[in-house]
Protein chains: 2
Amino acid sequence: MTSLPSILGGIDPTSDRAVFRQIADQLREAIDRGRFKEGEKLPSEAELVEHYGVSRMTVRNSFSVLQGEGLVHAEHGKGVFVRPRPPVRRLASDRFARRHREQGKSAFIVEADAAGSHPKVDSLEVKEEKASQDISTRLGSVRRVLARRRRYLLDGRPVEFATSYLPLDIARGTQIAEPNPGPGGIYARLEELGHQLDHFEEEIRARMPSPSEVKTLQLASGVPVIHLIRTAFDAAGRAVEVCDTVMAADAYVLSYQLPAN
Amino acid sequence: MTSLPSILGGIDPTSDRAVFRQIADQLREAIDRGRFKEGEKLPSEAELVEHYGVSRMTVRNSFSVLQGEGLVHAEHGKGVFVRPRPPVRRLASDRFARRHREQGKSAFIVEADAAGSHPKVDSLEVKEEKASQDISTRLGSVRRVLARRRRYLLDGRPVEFATSYLPLDIARGTQIAEPNPGPGGIYARLEELGHQLDHFEEEIRARMPSPSEVKTLQLASGVPVIHLIRTAFDAAGRAVEVCDTVMAADAYVLSYQLPAN
DNA sequence: CACGCATACTCGTATAGACGAGTGGGCAAA
DNA sequence: TTTGCCCACTCGTCTATACGAGTATGCGTG
């Protein structure tokens with residue numbers, strides 16, 4: 001390996017920039033310049049202590065800065081590594097268009113197969129429950145709803161956790177209340193039930209994950225989530241489904257097409 | 001103030017959960033339950049050291065967890081405070097529709113005024129420059145572009161930084177190359193120049209900000225950014241503008257309407 | 001050869017102490 | 001009363017040390 005001094009500079013003790021920030025700056029720049037490549041191991045804490053002549057906590061402090069930026073991740077017993085950027089899934093805004101619903105499989109499976117990934121859906125849960133205030137408002141003041149929860153994985157990595165909420169008067173007793181909603185998914189079933197879909201509304205937020213989201217999506221530190229709430233409206237203008245989706249932000253690019261008029 | 005023991009519990013030394021995580025958990029829960037309200041000061045490091053009987057670094061460690069989650073922020077010399085959730089701007093997907101372009105002011109100013117906020121636009125820079133690889137690709141292999149940079153502020157707080165790129169053969173010498181593009185903005189000018197706008201494509205990502213973005217947007221730690229890249233196409237199918245926008249994620253909700261067919 | 005253990009190296013957690021710097025209140029001097 | 005300083009309290013930074021726990025490697029034993 002190339003010697004450290006040739007990659008990393010020294011500390012400027014006269015600078016008013018904190019030492020641990022100077023170290024973080026140098027590591028960040030080295031990563032940006034490709035001196036440390038994706039997945040590559042950074043110098044160990046001990047090596048940096050040696051190189052900079054600082055205490056271990058100072059080095060750890062700089063690592064923690066870079067972790068917060070999502071640039072690196074530490075593995076106990078192994079080292080600190082440059083975080084590889086996982087391939088992203090691109091979600092087109094027309095993925096729920098009727099023409100994509102004709103075939104049997106879900107949009108997730110179809111797209112992932114096409115991209116050569118191995119998709120999986122787990123923690124499927126379908127149950128009736130009390131609607132939260134927010135969901136109730138979006139669905140037009142319903143008290144209880146059918147909730148369909150599932151988690152999506154790509155090549156073994158969880159990337160998305162979604163819950164669909166439907167009014168009970170629509171969904172109860174139909175195939176929508178079954179774990180497997182059948183070909184074309186619940187949107188196909190809704191249309192068969194006479195709720196011709198008219199349009200969707202999507203709300204997008206980004207934020208840091210809650211601890212439970214970190215667990216469910218196995219998120220590394222420094223990875224935000226995209227929170228998408230989609231409401232489906234039928235031709236009568238009624239909200240027939242709300243889908244609440246939390247996505248690992250480093251796994252997705254959302255794409256929308258908008259008319260200009 | 002209510003005594004600490006009544007709000008926060010103790011440490012379970014038999015738990016395999018790290019002490020600083022247990023402290024972070026208790027503080028997080030207290031915040032979630034509203035025992036500490038938005039903007040309110042948390043117990044000082046010294047108080048928590050006293051209460052839990054741990055060292056100061058351990059307490060600081062738990063604070064750093066909560067800061068990473070964007071839940072709290074520290075103010076030197078004052079204390080650690082529950083981060084207030086700033087009001088969010090809701091961006092509708094039709095905000096660039098032609099009918100909104102008739103009046104004089106920009107979408108940002110109009111919407112902010114309507115919301116009762118005090119909008120401002122600064123660091124306006126308009127110049128010709130070499131197109132990056134990505135921008136060049138999106139605009140259809142142009143070498144040089146006109147770049148229009150500006151930062152948007154709401155009630156004094158920077159919330160968004162945007163750069164528009166336009167092909168030189170379209171923009172050079174027109175009002176688009178002026179600091180003030182005139183009523184209706186550059187989209188109105190483009191249409192006057194014969195580039196009737198047909199549709200937009202928007203790509204959305206979320207990620208942690210770079211250090212320079214933290215500076216420009218004065219981001220607190222634990223706040224991600226939404227990165228939106230919009231491409232405008234004219235009726236001839238040509239990409240006539242790419243707008244690269246970085247938004248403080250805690251200041252925005254994006255909203256889209258999609259047809260179902 | 002195969003297995004298992006010792007060992008060295010990695011990061012994780014925690015303590016104790018020191019000094020610096022920003023903030024705000026109180027007190028003393030003008 | 002007003003001004004200015006001091007001090008107490010706050011978080012920021014850094015050092016030095018200790019032990020625990022996960023990982024990988026090599027060597028010795030069976």
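The chains referred to below are lettered A, B, ... by the order of the sequence lines, with proteins before strands, and numbering in each begins at 1. Atoms considered below: every heavy atom in the structure, side chains included; atoms not considered: hydrogens, waters and symmetry mates.
- You can see that DNA chain C meets the heavy atoms of chain A within a 4.0 Å-exclusive cut from C:dT10 to C:dA14, reading 5' to 3'.
- With respect to the salt-bridge test (charged N to carboxylate O, under 4.0 angstrom), the residues A:R207 and A:E213 qualify.
- Near DNA chain D, meaning a heavy atom under 4.0 Å from it, residues 56-65 of chain A has A:R56, A:M57, A:T58 in order of number.
- The pair B:D134-B:R138 meets the salt-bridge criterion, with a side-chain N (NZ, NE, NH1 or NH2) lying under 4.0 Å from an Asp/Glu carboxylate O.
- Residues of residues 75-86 of chain B having a heavy atom closer than 4.0 Å to DNA chain D, listed by number: B:E75, B:H76, B:G77, B:K78, B:G79, B:V80.
- Put simply, NZ on A:K120 and CZ on A:F108 are 11.0 Å apart, with the number rounded to the nearest 0.5 Å.
- If you take CD1 of A:I23 and C1' of D:dC14, they are 11 Å apart, rounded to a whole angstrom.
- No salt bridge links B:E40 with B:R83; every basic N to acidic carboxylate O contact stays at or beyond 4.0 Å.
- Atom CG of A:L48 is separated from atom C1' of D:dC14 by 16 Å (rounded to the nearest Å).
- With sequence neighbours excluded, no residue satisfies side-chain hydrogen bond (donor to acceptor under 3.5 Å, both in side chains) with B:S62.
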For residues 70-78 of chain A, dump all side-chain donor-acceptor pairs below 3.5 Å to protein atoms at least two apart in sequence or in another chain.
from: A:E75; atom 1: OE1; to: A:K78; atom 2: NZ; distance (Å): 3.2

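- Salt bridge present: A:R95 and A:E111 bring a charged side-chain N and a carboxylate O closer than 4.0 Å.
- With rounding to the nearest 0.5 Å, the separation of CD in B:E202 from CG in A:L254 is 11.0 Å.
- One interatomic measurement links the two molecules: CD of A:E45 to P of D:dT17, which rounds to 17 Å at whole-angstrom precision.
- With a 6.0 Å radius and a threshold of 12 heavy atoms from other residues, nucleotides or ligands, A:E129 has its CD atom above the threshold.
- Ion pairing between a basic and an acidic side chain is recognised when a charged N comes within 4.0 Å of a carboxylate O; A:R148 and A:E125 show no such pairing.
- A salt bridge does not link B:D122 with B:R149: every distance from a Lys NZ or Arg NE/NH1/NH2 to an Asp or Glu carboxylate oxygen is 4.0 Å or more.
- As judged by a 4.0 angstrom heavy-atom cut-off over every strand, A:R17 is placed among residues making no nucleic acid contact.
- With respect to the salt-bridge test (charged N to carboxylate O, under 4.0 angstrom), the residues B:R90 and A:E203 qualify.
- Five base pairs at each end of the helix from C:dC1-D:dG30 to C:dA30-D:dT1 define two local axes, and these are offset by 10° (rounded to 10°).
- Using a 4.0 Å cut-off between charged side-chain N and carboxylate O, B:R28 and B:D32 make no salt bridge.
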